[in-house]
Amino acid sequence: MTSNDEYVLQLLIENGAITHEQVDQLRDSMTIAHRGMTIVDRIIHEGIMSETDILGIIAAQLGMEMVSLQGLEVSPEIRDLIPVEVARRYRVVPLYKVDNTLTVAMSDPFDFDALDSLRYLLKCNVEGAVTTRDEIKVALDKYYVVESTMDEMINQVQDGTVDVAVAGPQELTDASVATETDAPIIKLVSLIMLEAYRHRASDIHLEPMEKRFRVRYRIDGVLHEVDSPPKRLQAAILSRVKLMAGMKISEKRIPQDGRIQVNILGRELDLRVSTVPASHGESVVMRILDKQSLALGLPKLGFFSDDQQMFENIIRLPDGIILITGPTGSGKTTTLYACLSEINKPDRKIITVENPVEYQLSGINQVNVNEDIGLTFAAALRSILRQAPNIVMIGEIRDKETANIAIEASLTGHLVFSTLHTNDAPSAVTRLLDIGVKPFLVASSLRAAMAQRLVRCVCDSCKEEHPATPTEQKVLKVASLDREDLKLWKGRGCNRCALTGYYGRKGIFEIFRTNDEIQRMIFEKVTAAVLRARAREMGMRTLREDGLRKAVAGITTVEEVLRVTMGDID
């Protein structure tokens, strides 16, 4: 466990944590099965003491701080004080710096040589804080990503040095059928998933081309091509993915859907897998769902304070229907979950109907649609209304039957949340009417519709001010945001953001509220353009206007706002 285990044993005995007899028994019971383990490792393995408890005693003896890295965010400035190769060589993670003293987390408090080397390399005083080996490993993989080409990945596969654990029932099945020839492919697929996670990708695209096999990651909403495996590995890689997802490997003529549960760097991820037959093989898309990274809570979505206050007032209404609109991948589901988390109280019963249930929410009853057995959105909705819920969330309104039941529920004292695929918020009214809902029902039940998009945020690590271009000045002038003291920001490009200048995404929003006048206009079946014009006269900000506000605030760039709001009409 440490570089001085005998001293640790003596320390544990002196502190009464273990006895001489226990140590002797462990020594006597050492067998070939314990090869490579020390007595301290056996103490942890047998459950006599945890690694955290042992390190706590050592830290107290040496006068060092005991820390936990779970949930801790190391700022880019502190992280960059130690180069990636140095951090990985000495297995340390920088925590904070006060004056000329840098504190680093380490799992071996007796590794004084590492501290001395760091002092020499960094030209400052370095002090150690103690944490577990697993936490150091997770933190190193999180903050110090080692870039590698596909050739290097394949070499690693052949060396057998990297692997990703596969969770779920497939693990036993895979182990039973894997041969020595299969093993490199198993590891290569695992590495593709691992690299996607390290790069914060939301999707993995495996695309067979005529003469090559292309791999792309969707990072912050934009596809990036990465070094791809050779074409000859295409069939084996696709078969491995289909096997993991529980699909029929022999069936290549029709689309298939599946799911993979994996454990990567200590985090459990769900991968939703979809295959479609294409000209040169099956195209596969894996959507990565990280339950631990779900940003629940309205403040994390990107609202400005005025819009957040307005939206909080809307979702606390006692009844009615509230719609979140936007294209696929615009963050609608995350917003719905944030709403439910905000209003989830012990005195309220909340039921959701989803296809599929993407994230498990504590205290909320979630129903998974299964159309194969007749459990459609409409059928599930009819049943759950008998459960007397206060709040209902419907994953998506797709047809007249689901829309009518949802609206009837909102008119009988329920608060209903759902999504629609429309380009802007007022078009939600037109969409409901097109589905076949009566105008008076829409007018009576709709409380608000909010359209949203996701824009990439300027990277904080390489953020720099720049003068507005003529195009930006023109756009900002139209939005009445042009002024003399205007400052715009962009990312220069660094290792943290993979030279893109962007890191992470926030939402931009268009909130359309109904009142007596809007209800009358809906009843009269006016066009979406007329509704939109009147809503703007009443103070509604468009998606582009909200995005430009965030560009002026330094959150994103004008270029990024224009990219995602091309359909926005000024």
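Scope of the values below: all heavy atoms of this structure, side chains included, with no hydrogens, waters or symmetry mates.
When atom types are taken as modelled, the side chain of T556 and the backbone of A551 share no donor-acceptor pair closer than 3.5 angstrom. Judged by distance alone, the side chain of K231 and the main-chain N or O of M209 form a donor-acceptor pair under 3.5 Å. Panel note: side chain H205, backbone R216; no donor-acceptor pair is recorded below 3.5 Å. Remark: the backbone N or O of H280 is paired with a side-chain donor or acceptor of Q234 at under 3.5 angstrom. Panel note: side chain S427, backbone N423; no donor-acceptor pair is recorded below 3.5 Å.
Residues satisfying the side chain to side chain contact (heavy atoms under 4.5 Å, CB included) test with F304, not counting sequence neighbours, are D306, D546, R549, K550, A553, I555. Partners of F509 under the ring-ring contact (aromatic ring centres under 6.0 Å, His included) rule, at least two apart in sequence or in another chain, are F303. Not counting sequence neighbours, the partners of A451 by the side chain to side chain contact (heavy atoms under 4.5 Å, CB included) test are T325, A425, E510, L543. Looking at residues two or more places apart in sequence or on another chain, you find no side chain to side chain donor-acceptor pair (under 3.5 Å) involving Q70.
Note that CG of N515 and CZ of R520 are 9.5 Å apart. Values are rounded to the nearest 0.5 Å. Between the CZ atom in R287 and the CD1 atom in I260 there is a gap of 15.0 Å [rounded to 0.5 Å].
Side-chain contact between R532 and T527 is absent, with no heavy-atom pair separated by less than 4.5 Å. E396 has its side chain within reach of H421: a pair of non-hydrogen atoms, C-beta onward, lies under 4.5 Å apart.
Ion pairing between a basic and an acidic side chain is recognised when a charged N comes within 4.0 Å of a carboxylate O; E524 and R534 show no such pairing.
Looking at T352 and E354, their side chains do bring a donor and an acceptor atom within 3.5 Å of each other.
Here salt bridge (Lys or Arg N to Asp or Glu O under 4.0 Å) pairs that include residues 464-474, with residues two or more places apart or in two chains, are E464-R492. Contacts classified as salt bridge (Lys or Arg N to Asp or Glu O under 4.0 Å) and involving residues 446-462 (residues at least two apart or in different chains) are given here: D319-R447, R456-E560.
For E559, the CD atom sits in a loose shell: 12 or fewer heavy atoms of surrounding residues, nucleotides or ligands are nearer than 6.0 Å.
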(request) For salt bridge (Lys or Arg N to Asp or Glu O under 4.0 Å), just list the numbers for R272 and D257, CA-CA rounded to whole Å, side-chain angles, deciding distance to a tenth of an Å, and then say yes or no. (result) CA-CA 8 Å; R272 301 291 161 80; D257 293 309; over 6 Å; no
(message) Could you walk me through whether L415 and V392 satisfy the side-chain contact (heavy atoms from CB on, under 4.5 Å) test, starting with their C-alpha distance in whole Å, then the side-chain angles of each, then the deciding distance to 0.1 Å, before giving a yes or no?
(response) CA-CA 6 Å; L415 182 62; V392 176; over 6 Å; no
